[in-house]
Student: 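Right, I'll just put the structure down here and ask away after.
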Amino acid sequence: MRPPYIYRWAGLLTIVGLLVGVTAVVLLDRGPSTTLAAGPVVELPVATAPAVVPLAPVRPAIAPTLLTTTGGGGKAVALTFDDGPDPATTPRILDLLAQHRVHAVFCMVGQAARAHPDLVRRVVAEGHRLCNHTITHDPGIGARTPDVMNRQLQASRDMLVQASGGADVDYFRAPEGKWSPALVRTSAQDGMRALGWTVDPLDWTTPGAAAIVTRVQQRMHPGAVVLLHDGGGPRAQSVAAVEQLLPWLADRGYSFVLPT
Ligand SMILES: [Zn+2]
């Protein structure tokens, strides 16, 4: 014989079951009725759904061409300094640029950037732009396989980004100007404009400050991209030349821009 409490439990379970069932029916009923409340404009929420907003602005694709003029017209020129940063030279160049309120591009070697992050940060803090000049100043990079080339460009760019504390690296320049079509293309694909030059006074051969100044003056033209060096060896002559060239260019109506 079953004890009576079994029946009491059975009764209780039946009541709970009924409550659950009723609740489910109510909930199921509420769902469709909410949707139906939209009535004839039920499709509008779908049609007017906001577009997906990207988290960061998409950077425009970079043309796989070698950039050798400043763009923008007028007597605009760009100064570029390669092979640094160098603790003996870069601060002196930066002082001169600040004195004349000129912004320039610094094509840095990854290893030098890693060795002198303070200088990289100063370059960026003072409004200049970074240019990737490979990890070790490798003039043979243009002949590497696409995969090796790509990895090296990204690695050297990452060294600059890290040394700078997260600054953009807008340009890439092949050491010794040894470009290949694949190198220009890879540079663009990696988000860096391939940056050439039009005025090269060969300051790295240390011909004397006067010779550097004269060569730049003779070859200067609107839209010029001037190649100078703030690293890779003793550059006192380059510093002295820049000290003379900045006022000379300003006196002749040249303005200083970044290559675009
Ligand atoms: Zn170089």
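Each ligand, and each atom within it, is numbered from 1 in the order the structure gives.
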Student: Would you call R235 and D86 a salt bridge, using N to O less than 4.0 angstrom?
Tutor: no
Student: Got a salt bridge between R122 and D118, using NZ or NE/NH1/NH2 to carboxylate O under 4.0 Å?
Tutor: no
Student: With respect to the Zn ion (ligand 1), please indicate if H133 possesses an N, O or S atom at a distance under 2.8 Å.
Tutor: yes
Student: Identify, by name, the N, O or S atom of D83 lying closest to the Zn ion (ligand 1).
Tutor: OD1
Student: Taking N, O or S atoms only and a limit of 2.8 Å, check whether D82 reaches the Zn ion (ligand 1).
Tutor: no
Student: Picking from V169, L130, L119, what satisfies side-chain contact (heavy atoms from CB on, under 4.5 Å) with S164?
Tutor: L130
Student: Which pair of non-hydrogen atoms, one from L67 and one from P259, has the smallest distance, and what is that distance?
Tutor: CD2-CB, 3.7 Å
Student: Examine H137 and say whether one of its N/O/S atoms is closer to the Zn ion (ligand 1) than 2.8 Å.
Tutor: yes
